[in-house]
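To start, the structure under review is shown below, and the notes come after it.
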Amino acid sequence: MSEKQALEDTKPNEDQSVWKADSDNHVKLEGGDAAKPSDVSSEGNGSEGLQATRLYHRRWVIVFLFSLYSLSNSYQWIQYSIISNIFTKFYSVDDFTIDWMSMIYMLTYIPFIFPVTWLLDKKGLRVIALVATALNCAGTWIKVASVRPNLFYVTFLGQFCCSFAQVFILGMPSRIASVWFGSEEVSTACSIGVFGNQLGIAIGFLVPPILVPNVDDMDELAHHIRIMFYITAGVATLLFILVVFVFQERPKIPPTQAQATARSIPPEQYSYIASIRNLLRNKPFMLLVVTYGLNVGCFYAVGTLLNRMIIVHYPGEEVNAGRIGLTIVIAGMVGSLICGVWLDRTKTYKQTTLAVYLLSLVGMIVYAATLSLGHLWVVFITAGVLGFFMTGYLPLGFEFAVELTYPESEGTSSGLLNCSAQVFGIIFTICQGKIIDNYGTLAGNIFLCVFLLIGTIMTALIKSDLRRQNANLQAKAADSSEWHNGSLSASSVIIEAKL
């Protein structure tokens, strides 16, 4: 036997292995699909512990479509509060009532998040996406019918529908990233999912003050409000239609070994109650739940009360109040994307989370100290710095939570994070609003700084147990070991052939 013949006889048939795995999974190679032969295994080459994995280009369509309907929903969260003085005049209600148009998003989330995460685990991403976009669409059309000064309860009903839709949206970025994306891009994908939410808030800060000017004529004001509501309803309807025809449950072949392992768990072995119990017993994760709630709750309070804080020091600057809110969120979007790419490259979850948290505290202190100086350009700069770190923290919390809780459901862990954020958001918004009314904006912002300091200290105490990364590394190590053993076997055959 020649050396060449020995090599040919012992070399794994890579093409047949790949196509065998393809056939076993009932999937054909499609144009634009990124196959990963190094991760594909079959029984024929002895890698029984590994399963076929593949990345599809469709994953980008899914995450961007999600970002768009998340944008449509989050835009409406701040739609009323950023021009609160105009809506109080139109509907003849007080500031605190308009604050509830924002806080209803937080309040609705708390009781419904657990049923929704259970539904996500039972029915999957597509059903959740359909319900979310249907509710969001319905809420926008209810608002269209509410543009009369005596129909505040109707516009509140529309806002409630949109807030209910948010429960089906807010915790999905990490789930979509895990189900569709490879281990080297999950943090970036999660950042893109959060990006849509942030962009919607940014548009919510910018557009309402432009579309609804502060005019005294009630008929003209109603006309402007109606135009704003019609535009929102049209966009929401289009996105609902796109989700119906485009949004897919999951890829036919999983993107990572961690996701393949999660799929292999029989449904009868999964218990939602047991999953919740495991999460509540996970001390590092519960610390993260509290610290995430403190940080994001502060952001919710700042966003809800921004118009009131700016108008106190800069009367008549409703449009600039919206632009400052836009600056906060746009800077945060940049921070989110940078943090997502950084995590994918370094995997330094705790260090990055702690650094961003500390810088959020610094940004809040600087913003509080400069708000009353009388220079709007200074407020724009300090608000941008605050937003870069405070809003940039959002995807960090999601991804750190998934690492700490693997293999538990990403929807459940994200749901608990967001539930904490809503609770603290309501508390901080009410308390800071009362402090501003009685003691001024500086005292209200110092109140938030105290809790950001507490959150920073607690973040430093979180143990970095990166379970998902460890699972992927172990799978890769097993793959390398099998390949190495196969190479040694081939070498021994060659030596025997020479002898």
| note | Value for CG (Leu55) from CH2 (Trp60), rounded to nearest 0.5 Å, stands at 9.0 Å
| message | Is it the case that the side chain of Asn320 and the backbone of Arg323 share a donor-acceptor pair, with hydrogens and angles ignored and the cut-off at 3.5 Å? | response | no
| note | Between Tyr292 and Gly397 the two heavy atoms that sit nearest each other are CD1-CA, 3.8 Å
| Does Thr117 reach the main-chain N or O of Phe114 with its side chain, forming a donor-acceptor pair under 3.5 Å? | yes
| said: So which atom in Ser420 and which in Gly293 form the shortest heavy-atom distance, rounded to 0.1 Å? | reply: OG-CA, 3.2 Å
| Atom of Lys143, atom of Gly158 and distance for their closest heavy-atom approach | CE-C, 3.9 Å
Solution key, residues 224-233 side-chain donor-acceptor pairs under 3.5 Å, sequence neighbours excluded:
from   : atom 1 : to     : atom 2 : distance (Å)
His224 : NE2    : Glu220 : OE2    : 3.4
Arg226 : NH2    : Val147 : O      : 3.4
Thr232 : OG1    : Met228 : O      : 2.9

| query | Can you tell me how far the CD1 atom of Ile430 sits from the CE atom of Met106, to the nearest 0.5 Å? | reply | 9.5 Å
| remark: Scanning both residues in full, the closest heavy-atom pair of Thr391 with Ile328 reads OG1-O, 4.0 Å
| Side-chain heavy atoms of Asn295 within contact of Ser360, under 4.5 Å | yes
| task | Assign the ring pair Phe160 / Phe164 to parallel, tilted or perpendicular, where the plane angle (0 to 90°) is split at 30° and 60°. | result | parallel
| field | Approximate separation, where rounding is to 0.5 Å, of Asn445 CG and Ile436 CD1 | value | 6.5 Å
| When the ring centroid of Tyr300 is compared with that of Trp77, is the distance short of 6.0 Å? | yes
| query | How far does CH2 of Trp100 sit from OG1 of Thr429, to the nearest 0.5 angstrom? | reply | 9.0 Å
| said: If I compare all heavy atoms of Ile62 with all of Val246, which pair ends up nearest, and what's the gap? | reply: CD1-O, 4.2 Å
| Is it true that the side chains of Gln166 and Tyr105 contain a donor and an acceptor less than 3.5 Å apart? | no
| query | Is the side chain of Ser146 donor-acceptor paired with the backbone N or O of Val154 at a distance under 3.5 Å, no angle test? | reply | no
| Is a donor on one side and an acceptor on the other found under 3.5 Å between the side chain of Thr140 and the backbone of Cys137? | yes
| note | Rounded to the nearest 0.5 Å, the OG1 atom of Thr88 sits from the CD1 atom of Ile86 at a distance of 8.5 Å
Distance-only check: which donor-acceptor pairs under 3.5 Å involve side-chain atoms of residues 201-213, not counting sequence neighbours?
none

| query | Is the centre of the Phe66 ring less than 6.0 Å from the centre of the Tyr69 ring? | reply | yes
| According to the interplanar angle, ranging from 0 to 90°, do the rings of Phe447 and Phe428 count as parallel (below 30°), tilted (30 to 60°) or perpendicular (above 60°)? | perpendicular
| query | Under 3.5 Å, is there a donor-acceptor pair between the side chain of Glu185 and the main chain of Gly182? | reply | yes
| Which atom pair, heavy atoms only, marks the closest approach of Gln79 to Phe87? | O-CE1, 3.9 Å
| note | Rounded to the nearest 0.5 Å, the OG atom of Ser70 sits from the CD1 atom of Ile192 at a distance of 13.0 Å
| Donor-acceptor side-chain pairing of Thr155 and Tyr80 below 3.5 angstrom | yes
| Short side-chain to backbone donor-acceptor contact, Thr304 and Ala301, under 3.5 Å | no
| Sequence neighbours excluded - side-chain hydrogen bond (donor to acceptor under 3.5 Å, both in side chains) pairs with any residue from residues 128-137 | Ser72-Asn136, Asn73-Asn136, Gln76-Asn136
| Main-chain N/O of Asn278 paired with Arg281 side-chain donor or acceptor, under 3.5 Å | no
| message | Counting only heavy atoms not in Trp141 (residues, nucleotides, ligands), do more than 12 fall under 6.0 Å from its CH2? | response | yes
| When you measure from the side chain of Lys89 to the backbone N and O of Met218, does any donor-acceptor pair fall under 3.5 Å? | no
| For the side chain of Glu249 and the backbone of Arg126, is there at least one donor-acceptor N/O pair under 3.5 Å apart? | yes
